[in-house]
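Here is the structure we will look at.
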Amino acid sequence: MKCAAVFFAAAFGLAAHASEPANNTLSAAQQREGWRLLFDGKSTAGWHRYNEKTIGKAWAVDGDSLHLDTGNKKRGWQAPDGGDIVNDGVFVNFDLKIDWKIAPAGNSGVMFYVQESPDHKYPWQTGIESQVLDNVAAEDAKFDKHRAGDLYDLIAGKPEAVRPAGEWNHLEIICDHGRLVEKLNGIVVVETTLWDDAWKKLIAGSKFRDMAGFGMFRSGKIALQDHGADVWFRNIMIRELK
């Protein structure tokens with residue numbers, strides 16, 4: 001009986017695994033729930049360099065991932081022919097899911113409510129950033145509110161839920177009528193309310209204090225940051241909330 005139980009458990013486990021959608025695809029249930037992919041796993045379609053129409057060549061599909069390949073080189077603090085990239089869509093209330101993996105000592109970010117405008121050189125001048133970081137070896141790991149899962153320079157994510165450099169992390173950002181919840185690897189690390197007096201106070205105490213409109217936009221784009229380190233993204237999906 002014990003052998004039979006092991007057999008059925010193994011068979012069930014394989015079946016359950018097989019039923020999970022492949023990377024960068026949606027299950028029938030996810031489609032019914034309104035999810036859509038922002039990365040098709042095959043091309044950079046739907047993405048462009050911030051304030052431009054095309055994407056830098058450093059961003060390319062690597063296996064099933066969207067990879068910023070720096071070639072161990074930097075132009076200033078970004079990769080040659082890289083740059084921050086932005087999705088074509090504009091979102092108001094949404095649930096965003098994305099898997100990310102960072103190189104040792106690496107730094108990057110996922111930004112939202114980004115405004116594209118010639119008045120702004122970088123997406124982080126308007127958009128809120130969920131920090132992507134190697135919390136062990138990256139320079140920014142020394143600073144409070146600059147670690148993986150933090151709302152960069154605004155709120156420290158607690159508890160720390162990041163996995164080591166080179167391992168995949170699952171990030172979820174829910175913005176629902178001003179209520180922001182951030183989950184890292186299934187753990188809630190940030191809960192806050194956007195745009196109220198407490199939020200304005202957080203901005204006033206940050207490096208964004210003199211950036212007009214930062215963190216106060218109620219719609220905008222999703223952006224992925226080039227901070228000069230190799231970084232990988234996959235399973236980028238979003239559903240809009242009513």
Side-chain angles (χ1 to χ4, degrees), residues 20-70 78-102 106 108-132 168-176 180 182-183 217-242:
E20 295 177 2
N23 287 325
N24 309 306
T25 63
L26 297 175
S27 67
Q30 288 172 323
Q31 293 179 53
R32 288 193 298 270
E33 292 167 356
W35 291 96
R36 64 186 180 91
L37 294 172
L38 299 186
F39 170 56
D40 62 13
K42 302 175 183 178
S43 72
T44 59
W47 295 88
H48 59 274
R49 187 152 42 192
Y50 181 74
N51 276 342
E52 299 184 20
K53 294 183 178 179
T54 58
I55 193 168
K57 292 181 180 178
W59 289 96
V61 178
D62 178 5
D64 60 2
S65 306
L66 180 58
H67 176 201
L68 174 67
D69 186 355
T70 67
Q78 293 187 313
D81 205 10
D84 305 321
I85 60 171
V86 183
N87 186 263
D88 295 339
V90 175
F91 305 100
V92 181
N93 301 302
F94 60 86
D95 188 346
L96 172 70
K97 293 182 179 181
I98 181 168
D99 294 343
W100 62 259
K101 180 173 67 172
I102 192 73
S108 182
V110 176
M111 291 166 275
F112 52 100
Y113 290 143
V114 167
Q115 309 297 303
E116 277 195 287
S117 164
D119 295 333
H120 307 293
K121 188 175 181 180
Y122 299 106
W124 45 261
Q125 292 174 315
T126 57
I128 305 161
E129 178 184 346
S130 172
Q131 177 76 307
V132 170
W168 285 105
N169 292 271
H170 179 66
L171 172 68
E172 183 172 10
I173 297 170
I174 304 168
C175 291
D176 190 0
L180 169 62
E182 181 191 17
K183 300 178 184 179
F217 296 98
R218 302 190 180 209
S219 66
K221 298 187 174 185
I222 307 298
L224 306 177
Q225 188 178 47
D226 171 2
H227 205 292
D230 277 52
V231 63
W232 295 257
F233 299 96
R234 70 183 184 191
N235 296 326
I236 310 172
M237 63 183 74
I238 199 165
R239 65 175 178 140
E240 299 185 67
L241 306 175
K242 296 181 180 180

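Heavy-atom basis, side chains included; hydrogens, waters and symmetry copies ignored. Nothing here was measured: the structure is a model prediction, and the numbers come from that model.
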Completion exercise
Shortest non-hydrogen pair, His48 vs Glu52, comes out as CD2-O, 2.9 Å

Practice task
With side chain to side chain donor-acceptor pair (under 3.5 Å) as the test, would you mind laying out the steps for Asn235 and Asn23 before giving the verdict?
Solution key: CA-CA 6 Å; Asn235 296 326; Asn23 287 325; 3.0 Å; yes

Exercise for the section: Answer yes or no: is there a side-chain heavy-atom contact under 4.5 Å between Trp168 and Ser65? Expected result: yes

Practice task
Check for a donor-acceptor pair, side chain of Asn51 on one end and backbone N or O of Ser117 on the other, with a separation under 3.5 Å.
Solution key: yes

Exercise for the section: Side-chain contact test, heavy atoms from C-beta onward, threshold under 4.5 Å: evaluate it for Phe233 versus Leu68 and give yes or no. Expected result: no

Completion exercise
In this structure, CD1 of Ile128 is separated from CZ of Phe217 (nearest 0.5 Å) by 10.5 Å

Practice task
Begin with the C-alpha distance, continue with both residues' side-chain angles, and end with the deciding distance and a verdict on side chain to side chain donor-acceptor pair (under 3.5 Å) for Asp40 and Ser43.
Solution key: CA-CA 6 Å; Asp40 62 13; Ser43 72; 2.9 Å; yes

Completion exercise
Between the CD atom in Gln78 and the CG atom in Asp84, the distance rounded to the nearest 0.5 Å is 5.0 Å

Exercise for the section: Only counting residues at least two apart or in another chain, list the ones meeting side chain to side chain donor-acceptor pair (under 3.5 Å) with Gln31. Expected result: none

Handout entry: Lys221/Glu116 ion pair, N-O < 4.0 Å
Key = yes

Exercise for the section: Mind checking the CD1-CD1 spacing from Ile222 to Ile236? Nearest 0.5 Å is all I need. Expected result: 10.0 Å

Exercise for the section: Would you please test Arg36 and Glu240 for side chain to side chain contact (heavy atoms under 4.5 Å, CB included) and show each step? Expected result: CA-CA 9 Å; Arg36 64 186 180 91; Glu240 299 185 67; 4.1 Å; yes

Exercise for the section: Please examine the side chains of Ile98 and Leu38, heavy atoms only from C-beta on, and report whether any two atoms are closer than 4.5 Å. Expected result: no

Handout entry: Stepwise side chain to side chain contact (heavy atoms under 4.5 Å, CB included) test for Asp69 and Asp62
Key = CA-CA 9 Å; Asp69 186 355; Asp62 178 5; over 6 Å; no

Exercise for the section: Kindly indicate whether the side chain of Met237, heavy atoms from C-beta on, has any atom under 4.5 Å from the side chain of Arg239. Expected result: no

Problem - Contact summary for Leu96 and Val110, nearest pair of heavy atoms - result: CD2-CG1, 4.2 Å

Problem - Backbone of Trp47 reached by a side-chain donor or acceptor of Thr44 within 3.5 Å - result: no

Practice task
Enter the distance from Glu129:CD to Met111:CE here, rounded to the nearest 0.5 Å.
Solution key: 5.5 Å

Practice task
Kindly indicate whether the side chain of Gln115, heavy atoms from C-beta on, has any atom under 4.5 Å from the side chain of Gln125.
Solution key: no

Problem - Residue pair Val114 / Gly127: nearest heavy atoms and the distance that separates them - result: CG2-CA, 3.8 Å

Practice task
Please check if the side chain of Asp226 supplies one atom and the backbone of Gly83 the other of a donor-acceptor pair under 3.5 Å.
Solution key: yes

Exercise for the section: Keeping the roles fixed (side chain from Asn87, backbone from Gly46), state whether a donor-acceptor pair exists under 3.5 Å. Expected result: yes

Fill in the blank from the handout: One should read off an interatomic distance between Lys42 NZ and Leu66 CG, to the nearest 0.5 angstrom, of 15.5 Å

Handout entry: Charged N-O contact under 4.0 Å between Asp81 and Arg49
Key = yes

Problem - For Phe112, all residues meeting ring-ring contact (aromatic ring centres under 6.0 Å, His included), sequence neighbours excluded - result: none

Exercise for the section: Rounded to the nearest 0.5 Å, what's the gap from CD1 on Ile174 to NZ on Lys97? Could you check? Expected result: 8.0 Å

Completion exercise
Smallest heavy-atom separation, Arg218 atom then Val92 atom, equals O-CG1, 3.5 Å

Problem - Closest non-hydrogen atom pair, Gln225 against Ser108 - result: O-OG, 2.7 Å

Problem - Sub-4.5 Å side-chain heavy-atom contact between Asp95 and Trp35 - result: yes

Practice task
Taking the side chain as every heavy atom from C-beta outward, state whether Cys175 and Tyr113 have any pair of such atoms under 4.5 Å apart.
Solution key: yes

Completion exercise
For Leu171 and Glu182 the tightest heavy-atom approach is CD1-OE2, 3.4 Å

Exercise for the section: Indicate yes or no for a side-chain donor-acceptor contact from Thr70 to the backbone of Ala229 under 3.5 Å, with no hydrogens or angles considered. Expected result: no

